[in-house]
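Down below is the structure, laid out as structure tokens.
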Amino acid sequence: MTREPVERFGVSISQRLLRRFDKVLREKGYGNRSEAIRDLIRDYLVEEEWRGSKAEVVGCVVLVYDHHVHGISERLTETQHQYKNIISSMHVHLDEENCLEVLVIRGVADEVKRITDALISARGVKHGKLVMTGKVD
Ligand code: NI
């Protein structure tokens, strides 16, 4: 197996910002900055490549909502039935008020984002986050 050529480059950065970065890297268990920066660059490229693209992706949506809000459970269930792209879901009753839902959505990037927006914008949803992934080189 031939190794890909590697290039080194210097980065100018304030000491304060670098110290904060290093602290997070230690907490995350990175052995060195290079590995962390490679991960950040890959993550950035993946996100950019998917912007407005027709690439097939898998999205994981995490929602936290207050199940006391009238109609919220029904609305979320309805949305999930409406889109065949939602291929898996998990529900956790966090406490007396909050429910957590994890949904896995498969489709083209734009579509996954649209479905996520419809879920997160529902009244009663307190927090929502989408992680998109797929084939990564
Ligand atoms: Ni619940």
Side-chain angles (χ1 to χ4, degrees):
M1 202 177 95
T2 54
R3 274 183 74 115
E4 231 183 304
V6 170
E7 202 164 311
R8 290 192 170 77
F9 66 97
V11 177
S12 301
I13 185 171
S14 79
Q15 285 187 342
R16 205 174 87 86
L17 191 57
L18 189 59
R19 265 189 229 113
R20 285 173 59 197
F21 187 58
D22 285 343
K23 184 171 174 280
V24 172
L25 297 195
R26 275 195 304 278
E27 286 164 4
K28 287 188 169 227
Y30 277 105
N32 59 66
R33 287 175 188 153
S34 293
E35 186 52 32
I37 288 169
R38 281 193 292 270
D39 281 354
L40 287 173
I41 291 175
R42 279 189 210 104
D43 189 47
Y44 182 78
L45 292 176
V46 162
E47 285 275 321
E48 285 304 308
E49 281 162 14
W50 284 340
R51 195 186 294 274
S53 89
K54 295 290 166 214
E56 279 281 328
V57 299
V58 178
C60 292
V61 184
V62 177
L63 300 169
V64 175
Y65 65 93
D66 180 348
H67 75 108
H68 291 132
V69 171
H70 183 73
I72 179 71
S73 304
E74 292 79 359
R75 170 136 189 226
L76 291 177
T77 305
E78 214 169 280
T79 306
Q80 292 180 48
H81 280 278
Q82 192 184 336
Y83 295 102
K84 303 279 181 289
N85 315 51
I86 301 178
I87 54 173
S88 185
S89 68
M90 181 176 77
H91 187 101
V92 179
H93 310 298
L94 287 181
D95 54 34
E96 284 172 17
E97 182 178 294
N98 297 294
C99 292
L100 176 135
E101 220 151 84
V102 181
L103 306 170
V104 181
I105 310 172
R106 188 172 223 157
V108 293
D110 278 352
E111 201 172 19
V112 170
K113 280 187 175 163
R114 219 179 46 240
I115 297 168
T116 302
D117 289 342
L119 293 162
I120 292 177
S121 65
R123 202 174 75 84
V125 174
K126 295 172 167 179
H127 183 227
K129 193 116 189 158
L130 165 69
V131 174
M132 283 212 289
T133 191
K135 194 176 152 292
V136 180
D137 294 323

Going by atom type alone, with no hydrogens or angles, which donor-acceptor pairs under 3.5 Å involve a side-chain atom of residues 20-27 and a protein atom two or more places apart or on another chain?
unit_1: Asp22; atom_1: OD1; unit_2: Arg33; atom_2: NE; d: 2.9
unit_1: Asp22; atom_1: OD2; unit_2: Arg33; atom_2: NH2; d: 2.7
unit_1: Lys23; atom_1: NZ; unit_2: Glu27; atom_2: OE2; d: 3.1

Enumerate donor-acceptor pairs with a distance under 3.5 Å from any side-chain N or O in residues 95-105 to protein atoms, sequence neighbours excluded.
unit_1: Asp95; atom_1: OD1; unit_2: Glu97; atom_2: N; d: 2.9
unit_1: Asp95; atom_1: OD1; unit_2: Asn98; atom_2: N; d: 2.7
unit_1: Asp95; atom_1: OD1; unit_2: Asn98; atom_2: ND2; d: 3.2
unit_1: Asp95; atom_1: OD2; unit_2: Asn98; atom_2: ND2; d: 3.3
unit_1: Glu97; atom_1: OE2; unit_2: Lys126; atom_2: NZ; d: 2.7
unit_1: Asn98; atom_1: OD1; unit_2: Lys126; atom_2: NZ; d: 2.7
unit_1: Glu101; atom_1: OE1; unit_2: Gln80; atom_2: NE2; d: 2.8
unit_1: Glu101; atom_1: OE2; unit_2: Tyr65; atom_2: OH; d: 3.4
unit_1: Glu101; atom_1: OE2; unit_2: His91; atom_2: ND1; d: 2.6

Check: residues 4-18 side-chain donor-acceptor pairs under 3.5 Å, at least two apart:
unit_1: Ser14; atom_1: OG; unit_2: Leu17; atom_2: N; d: 3.1
unit_1: Gln15; atom_1: OE1; unit_2: Arg19; atom_2: NH2; d: 3.2

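Both Tyr83 and Val57 are members of a single hydrophobic cluster when ILVMFWY side chains are connected at heavy-atom separations under 4.5 Å. By the criterion of side-chain heavy atoms lying less than 4.5 angstrom apart, applied directly or through intervening Ile, Leu, Val, Met, Phe, Trp or Tyr residues, Leu40 is grouped together with Tyr30 in one hydrophobic cluster. Hydrophobic clustering (side-chain heavy atoms under 4.5 Å, transitive across Ile, Leu, Val, Met, Phe, Trp, Tyr) keeps Val131 apart from Leu119.
For Arg114, the side chain to side chain contact (heavy atoms under 4.5 Å, CB included) partners at least two apart in sequence or on another chain are Glu111. Residues that satisfy the salt bridge (Lys or Arg N to Asp or Glu O under 4.0 Å) test with Asp39, not counting sequence neighbours, are Arg42. Partners of Lys84 under the salt bridge (Lys or Arg N to Asp or Glu O under 4.0 Å) rule, at least two apart in sequence or in another chain, do not exist in this structure. Take Glu35 and apply the side chain to side chain donor-acceptor pair (under 3.5 Å) test, not counting sequence neighbours, and it matches Arg38. A search for side chain to side chain contact (heavy atoms under 4.5 Å, CB included) contacts involving Leu130 returns Val61, Val112, Lys113, Thr116, Met132, not counting sequence neighbours. Residues passing the side chain to side chain donor-acceptor pair (under 3.5 Å) test with Asp43: none are found, sequence neighbours excluded.
In this structure, the separation between OG1 on Thr79 and CG on Leu63 is 10.0 Å, given to the nearest 0.5 Å. Between Ile120 atom CD1 and His127 atom NE2 the span is 8.0 Å, to the nearest 0.5 Å. Interatomic distance, Asn32 CG to Ile37 CD1, rounded to the nearest 0.5 Å: 9.0 Å.
Using a 4.5 Å heavy-atom cutoff, the side chains of Arg123 and Ile72 are not in contact.
Evaluation of the salt bridge (charged side-chain N to carboxylate O under 4.0 Å, His left out) test over residues 67-79, restricted to residues two or more places apart or in two chains, returns none.
What you find for Leu76 and Ala122 is that their closest heavy atoms are CD2-CB, 4.4 Å. For Asp110 against Lys54, the heavy-atom pair with the smallest separation is OD2-NZ, 3.8 Å.
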